[in-house]
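Nothing fancy with the numbering, it's 1 onward along the sequence.
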Amino acid sequence: MISPSRDRDRNPGIGLLILIILQLIATTYRLYSYPAPWVDEGWIGEVAARISAGAPPGNPSHGTLYHFHDRLYWMPPLYFFLLGGWFSLFQVDLLSGRLLNGLVGILTVIILYSYGRRRIGAAGAFAAGLIAIFEPFAWKAHRTIRFEPLIALLGLGLIAAIDRALEEEAGGRRSIHWWILGGSAAGLLLSAHPNGALFCAGALVLVLARRGPVVLRQAGPWAALGMAFLLILPYGFYCLSDAGGSFANFKGQNSFHLDAGASKPPFLREWRRYADFFPWPWRAPAAAAMLAVLSASLTDLRREFTRTLLLPAAVYLTGLLVLPNKTLLYLVPLVPFLALLAGSWWSRSRSRVALTVVSALVAGGVVVDAGLLHRNRGYDTRRAYAALRAELRPDDRVAGTFVTWWAVQPREFREFGRGATLETIRNFDPTIVMLGDRQWRQEARGIYRALARDLEPDLAARWHLMATVRDSTLGDVAIWRFTE
């Protein structure tokens with residue numbers, strides 16, 4: 001048996017290079033065909049596009065409701081500014097924006113492998129890297145414009161830095177720089193997404209569990225808290241400036257739903273919404289393997305590294321239970337922790353059972369990922385958006401869903417959500433209305449029901465159906481031009 005300490009010293013660069021290449025391929029291969037464009041990519045892209053143009057961050061396409069047009073809402077600013085800077089370097093484009101999370105994925109793999117190699121050896125770290133790369137939730141998230149990959153990167157970095165600081169202190173060595181690094185990760189987490197607070201809470205529980213309250217008498221934790229506070233301070237002032245509006249902006253996209261009255265918990269709908277992205281029967285072996293990893297970890301709580309991974313993950317998961325929105329996607333930041341637990345199990349036991357479980361996680365992920373690419377092989381966002389763009393004039397003002405925003409920008413755009421009515425659409429005075437894309441079809445009997453009831457007769461009476469762009473990527477998009 002090869003011990004982790006010996007295994008750790010054997011050609012570390014080769015394993016890391018292989019993982020980086022695999023991550024690059026996994027997140028870029030046929031990026032234009034999967035996943036299909038969806039609403040979150042549009043509204044996030046609009047905020048970032050405004051930042052890249054030097055305009056105040058916001059979503060003008062939502063109108064002036066709750067100052068959506070000139071304020072960031074609900075989400076802290078870090079990801080928007082990163083994406084805005086990325087757009088400034090390259091271009092405002094769906095595929096360009098998706099590549100940012102591909103880069104974030106590579107950084108995550110580097111931290112995961114480096115952290116894992118030190119703690120469980122190169123073989124276990126390499127196995128963990130493979131699991132993290134091909135796990136379907138994480139794989140899909142790194143191919144989209146969303147926040148979860150950044151949360152995963154910073155959450156893993158936070159726990160790795162705190163773990164290193166505690167380890168150095170236990171050995172009587174200086175650890176202040178690791179505390180400061182951990183505090184920086186915490187501040188960036190809080191500046192990236194509200195769920196960042198869950199990882200910060202997990203880190204606090206970890207520190208208290210391993211050292212007890214006495215650790216708060218040391219300089220390191222206070223240095224970490226100070227760094228986190230300094231990094232989150234600008235966003236704190238930004239939120240306080242919204243006090244005159246009863247913090248409607250801070251409540252953000254939920255303000256409309258809170259004012260309108262809540263229906264059934266949204267997370268009950270999320271399972272159905274995202275089930276289409278994952279062929280669940282194919283995931284049965286990987287799901288069983290995940291349960292096996294958790295079972296093996298719970299029987300090994302005496303190991304400090306196991307507790308170091310499980311405690312923050314448990315706090316994060318517990319916090320998710322009270323959140324009503326996109327529960328499945330929010331699980332993505334836990335993937336590196338699951339991967340390290342699996343790699344740790346195999347590294348310490350080298351049993352056939354552990355090898356089988358690790359293999360099932362990797363193979364199951366590859367099979368599901370490949371199946372999704374095959375099922376969506378006819379999709380091509382480049383072709384779909386080019387066809388829509390060809391029907392537009394430079395001075396058109398367009399109303400539609402955020403799925404079509406990428407074809408419309410930089411033209412003026414009004415999105416159908418966030419309380420849009422026929423009156424607000426008319427006040428926007430569009431020259432083009434786009435209907436029929438996959439988001440419209442999904443929501444026409446839901447949040448768009450009242451708008452669809454009023455808008456469709458109005459289009460038939462006052463508008464001309466100029467073209468219908470038929471493409472499996474977006475659906476059949478009808479393009480109506482105003483005729484009066």
Side-chain angles (χ1 to χ4, degrees), residues 108 112 115-116 119-120 123-142 148 151-152 155-156 159 195 198-199 202 205-206 267-268 270-272 274-323 326-372:
T108 303
L112 184 148
Y115 179 40
R119 291 295 251 142
I120 60 176
F126 186 78
L130 291 176
I131 293 169
I133 289 170
F134 294 111
E135 201 288 323
F137 280 102
W139 171 75
K140 175 179 178 286
H142 286 102
E148 286 74 24
I151 305 172
L156 179 63
I159 301 305
N195 287 357
L198 301 180
F199 265 122
V205 170
L206 173 63
F267 65 82
L268 294 178
E270 296 298 331
W271 289 96
R272 291 197 298 273
Y274 293 104
D276 183 57
F277 289 117
F278 302 100
W280 289 105
W282 294 12
R283 284 193 49 80
M290 291 179 187
L291 291 176
V293 170
L294 292 176
S295 299
S297 300
L298 290 174
T299 61
D300 192 47
L301 290 177
R302 67 186 185 279
R303 295 183 73 244
E304 185 178 78
F305 184 61
T306 302
R307 297 194 304 273
T308 296
L309 295 174
L310 281 178
L311 276 176
V315 172
Y316 181 88
L317 187 59
T318 302
L320 291 184
L321 295 178
V322 301
L323 295 178
K326 293 180 175 60
T327 306
L328 291 180
L329 288 177
Y330 289 165
L331 292 174
V332 168
L334 295 179
V335 170
F337 294 82
L338 174 71
L340 285 169
L341 286 170
S344 175
W345 179 26
W346 179 57
S347 177
R348 70 177 183 270
S349 71
R350 296 301 176 99
S351 66
R352 291 184 179 180
V353 174
L355 178 60
T356 301
V357 168
V358 169
S359 300
L361 285 171
V362 176
V366 170
V367 168
V368 171
D369 299 346
L372 289 168

Shortest non-hydrogen contact between P336 and L156, atoms and distance: CB-CD2, 4.1 Å
All pairs passing salt bridge (charged side-chain N to carboxylate O under 4.0 Å, His left out) where residues 353-366 contributes a residue, at least two apart: none
Could you list the donor-acceptor pairs under 3.5 angstrom formed between side-chain atoms of residues 354-369 and any protein atom two or more places apart in sequence or on another chain?
| from | atom 1 | to | atom 2 | distance (Å) |
| --- | --- | --- | --- | --- |
| T356 | OG1 | R352 | O | 2.7 |
| S359 | OG | L355 | O | 2.8 |

State the CD-NZ distance between E148 and K140, to the nearest 0.5 angstrom. 9.0 Å
Hey, does the Lys NZ or Arg CZ of R348 hover above the aromatic six-ring of W346, less than 6.0 Å from the centre and inside 45° of the axis? no
Sorted by first residue and then second, give each ring-ring contact (aromatic ring centres under 6.0 Å, His included) pair with at least one member in residues 291-322; sequence neighbours left out. Y115-F305, F199-Y316
Student check: side-chain heavy atoms of L317 and L331 closer than 4.5 Å: yes
Using the rule given for side-chain contact (heavy atoms from CB on, under 4.5 Å), can you reason through W345 versus T299, listing the C-alpha separation, both sets of side-chain angles and the distance that settles it, and then say yes or no? CA-CA 11 Å; W345 179 26; T299 61; over 6 Å; no
Passing option when Y330 is tested against L198, I151, N195 for side chain to side chain contact (heavy atoms under 4.5 Å, CB included): N195
Heavy-atom closest pair (A152 atom, P333 atom, distance to 0.1 Å) is CB-CA, 3.7 Å
side-chain hydrogen bond (donor to acceptor under 3.5 Å, both in side chains) involving S297 - partner list, sequence neighbours excluded: none
d(I120 CD1, F126 CZ) to nearest 0.5 Å is 13.0 Å
Pairwise salt bridge (charged side-chain N to carboxylate O under 4.0 Å, His left out) hits with a residue in residues 328-342, at least two apart: none
Qualifying residues under ring pair (Phe, Tyr, Trp, His ring centres under 6.0 Å), relative to W139, sequence neighbours excluded: Y34
Report the distance from atom CZ of R119 to atom CG of L340, rounding to the nearest 0.5 Å. 10.5 Å
For residues 307-315, please give each side-chain donor-acceptor pair under 3.5 Å, one per line with the distance, not counting sequence neighbours.
| from | atom 1 | to | atom 2 | distance (Å) |
| --- | --- | --- | --- | --- |
| R307 | NH1 | L301 | O | 2.7 |
| R307 | NH1 | R302 | O | 2.9 |
| T308 | OG1 | R210 | NH1 | 2.8 |
| T308 | OG1 | E304 | O | 2.8 |

Measure across V332 and A138 and return the closest heavy-atom pair with its distance rounded to 0.1 Å. CG1-CA, 4.0 Å
Kindly give the heavy-atom pair with the smallest separation between A132 and V335, and that separation in Å. CA-CG1, 3.9 Å
